[in-house]
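Below, each value reflects all heavy atoms present in this structure, side chains not excepted, and no hydrogens, waters or symmetry copies. Keep in mind that this is a model prediction, so the values were computed, not measured.
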Amino acid sequence: MVNWNNLDTLTSYEELKGVATVDLAAVMSGDQGAQRVKKYSVPMACGLDFNYAAKQVDDTVLAALAKLADEAQLAEKFEALYNGEVINTGEKRLVLHHLTRGQLGDAVTADGVDKRSFYVEQQNKIADFAKKVHSGEITNAAGEKFTTVVQIGIGGSDLGPRAMYLALENWAKKNNTFKMEAKFISNVDPDDAAAVLNSVDVAHSIFVLVSKSGTTLETLTNESFVKDALKNAGLDASKHMIAVTSETSPLAKSDDYLAAFFMDDYIGGRFSSTSAVGGAVLSLAFGPDVFAQFLEGAAEEDKLATNKDLLQNPAMLDALIGIYERNVLGMPSTAVLPYSQALSRFPAHLQQLDMESNGKSVNRFGEEINYLTGPVIFGEPGTNGQHSFYQLLHQGTDIVPLQFIGFKNSQIGTDVVIQDSTSQQKLCANVAAQIVAFACGKDDEDKNKSFKGGRPSSIIIGDSLNPQALGALLSHFENKVMYQGFVWNINSFDQEGVQLGKVLAKRVLAHDTDGALKVYSDLLNI
């Protein structure tokens with residue numbers, strides 16, 4: 001039987017707080033540090049490895065974390081989730097994003113249908129549609145091929161798919177699977193839509209409207225912007241638009257769209273990159289075979305996340321180390337630092353994934369909790385970040401845990417040699433140097449040049465960033481966030497904090513305001 005208890009009621013949590021703190025600078029120096037790098041590593045799927053040698057842990061800390069994982073029943077809670085129990089207590093829903101890429105446990109039936117079959121059916125429909133677009137069977141009114149796909153969505157309908165597209169764009173061009181350029185419109189700011197529309201040939205563009213409910217204000221506003229642009233170009237908008245929505249939304253059977261592909265309420269927006277939300281745009285951009293490889297990578301990593309052995313489960317291990325840093329060591333934020341330009345928007349996606357999921361101050365039952373939950377997530381690709389916020393990371397008053405991501409080889413496979421090393425070698429040299437610099441620091445009589453060290457980091461290392469590796473990377477962080485929510489006994493799958501501002505915005509637009517809300521409305525000429 002699974003029990004849902006607050007973190008501060010667990011005996012293992014009290015034991016964890018009493019474990020001696022590791023002197024990271026000492027253990028990462030010299031031969032001891034070299035041995036740690038070899039020892040504290042666990043394989044992930046698709047050739048990736050999670051190395052946590054530069055984290056502030058040792059065997060004693062890890063043993064305490066394993067006890068916490070057992071007492072909190074993390075493996076059992078994940079099993080309950082993928083077998084179809086109602087884990088999203090706030091909205092009384094199942095949580096099924098894992099089913100978009102594979103069957104981890106029992107068949108899950110909801111709304112009278114087998115949900116794995118439903119997701120596969122939608123993937124097959126998308127694949128068939130994409131192939132017809134690529135072959136020229138589906139064309140614009142003039143019988144010409146579409147060359148660009150534009151996704152219209154916000155939040156999880158934009159951040160994840162955009163990050164995944166950018167991550168694979170160069171890889172697809174190198175491997176001759178690049179089919180169509182993709183663009184994204186998300187912000188209700190008219191400058192966003194105008195900038196995208198001014199950069200594409202609308203006559204040869206197909207637009208993907210993504211809204212689960214079919215009522216998302218920002219998305220429908222941008223749809224109207226796009227329809228006006230198509231109309232002004234003398235084009236029939238219904239011949240240029242497809243919808244990704246739920247079967248019960250007003251978009252589902254509308255004649256305004258060439259086709260409609262379905263998702264459901266059991267997949268939250270921030271977990272939807274492997275559903276039709278990401279599937280349509282990524283299949284059109286790169287071909288359905290590439291999207292299938294992406295799903296395969298996520299599925300392989302999901303399987304590892306079912307392992308009950310903490311030291312063989314990279315997502316659970318990463319999650320528990322994060323719990324230790326947040327709740328025992330009191331560290332307020334986490335920096336995600338991919339040393340890969342292809343992952344330029346991956347930190348932005350993880351911001352939503354993590355902060356929208358675990359930014360909660362009540363437990364699953366609506367009761368206030370008395371311990372810290374989700375950290376602030378931020379990040380930027382290396383080496384750009386080194387010339388931006390690394391100063392604070394190295395010498396600031398807060399210690400910020402770091403999650404590096406690095407690859408041995410570039411996506412493009414070509415490089416230049418300058419000063420006896422390639423660009424990729426220079427990139428990798430920087431990430432290796434940063435890990436050791438953060439951990440070990442450097443003494444100097446000039447305190448302005450002194451580095452205390454003791455700044456913990458982990459790194460996910462891969463050979464190169466391809467669709468399978470990207471899927472595994474995405475799954476790792478999704479499951480990490482899930483496990484941390486389990487430990488904190490919060491509901492990671494609703495987002496009530498998003499709603500209040502939307503409600504007040506509607507009042508402003510209806511001129512139903514008073515007090516400060518009215519004054520701000522007047523200042524902004526609304």
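- Aromatic pair Tyr266/His97: ring centres not closer than 6.0 Å.
- You'll find the ring centres of Phe378 and Phe389 inside the 6.0 Å limit.
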Using the side-chain contact (heavy atoms from CB on, under 4.5 Å) rule, take Ser521 and His511 through it: C-alpha gap first, then chi angles, then the decisive distance, then the call.
-> CA-CA 9 Å; Ser521 302; His511 301 289; over 6 Å; no
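- Taking 4.5 Å as the limit, every side-chain heavy atom of Val113 sits out of range of all side-chain heavy atoms of Thr109.
- Side-chain atoms of Lys360 and Gln495 form no donor-acceptor pair, as typed in the model, at a separation below 3.5 Å.
- Between the side chains of Thr306 and Asp302, not a single donor N or O lies within less than 3.5 Å of an accepting N or O.
- A 6.0 Å sphere centred on CD of Glu14 holds more than 12 heavy atoms belonging to other residues, nucleotides or ligands.
- A salt bridge is defined here as a Lys NZ or Arg NE, NH1 or NH2 lying under 4.0 Å from an Asp or Glu carboxylate O, and Arg270 with Asp354 fails to meet this definition.
- With salt bridges taken as basic N to acidic carboxylate O contacts below 4.0 Å, none links Glu85 and Lys77.
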side-chain hydrogen bond (donor to acceptor under 3.5 Å, both in side chains) between Trp488 and Asn327, intermediate numbers included = CA-CA 10 Å; Trp488 286 318; Asn327 294 97; 2.8 Å; yes
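- A side-chain donor from one of Ser492 and Asn358 sits under 3.5 Å from a side-chain acceptor of the other.
- Below 30°, between 30° and 60°, or above 60°: for His476 and Phe50 the angle between ring planes is between 30° and 60°, a tilted geometry.
- Under the 4.0 Å criterion applied to side-chain N and carboxylate O atoms, Arg101 and Glu478 are assigned as salt-bridge partners.
- Here the two rings, on Phe118 and Phe262, have centers that are 6.0 Å apart or farther.
- In this structure, Lys17 places its NZ atom where more than 12 heavy-atom neighbours from other residues, nucleotides or ligands lie under 6.0 Å away.
- The number of heavy-atom neighbours closer than 6.0 Å to OH of Tyr371, taken from other residues, nucleotides and ligands shown, is above 12.
- Proximity of the aromatic rings of Phe286 and Tyr165 is defined here by a centroid distance below 6.0 angstrom, and this criterion is met.
- Between Tyr82 and Phe78, the ring-plane angle classifies as perpendicular under the 30° and 60° cut-offs.
- Remark: Arg364 CZ is packed, more than 12 non-hydrogen atoms of other residues, nucleotides or ligands lying under 6.0 Å away.
- Looking at Gln341 and Asn170, their side chains never bring a donor and an acceptor atom within 3.5 Å of each other.
- Side-chain contact check for Ser475 and Glu301: no donor-acceptor pair (N or O, by modelled atom type) lies under 3.5 Å.
- We find that Asp512 and Lys506 are not joined by a salt bridge, their nearest charged nitrogen and carboxylate oxygen being 4.0 Å or further apart.
- Using a 4.0 Å cut-off between charged nitrogen and carboxylate oxygen, Lys518 and Asp514 do not count as a salt-bridge pair.
- Between Tyr339 and Tyr390, the ring planes lie tilted relative to each other; the angle falls in the 30° to 60° range.
- Heavy atoms of other residues, nucleotides or ligands lying less than 6.0 angstrom from NZ of Lys308 number 12 at most.
- A salt bridge does not link Glu71 to Lys67: none of the charged side-chain nitrogens sits closer than 4.0 Å to a carboxylate oxygen.
- Two residues are said to be in side-chain contact when any heavy atoms from C-beta on lie closer than 4.5 Å; Ile242 and Ile206 meet this criterion.
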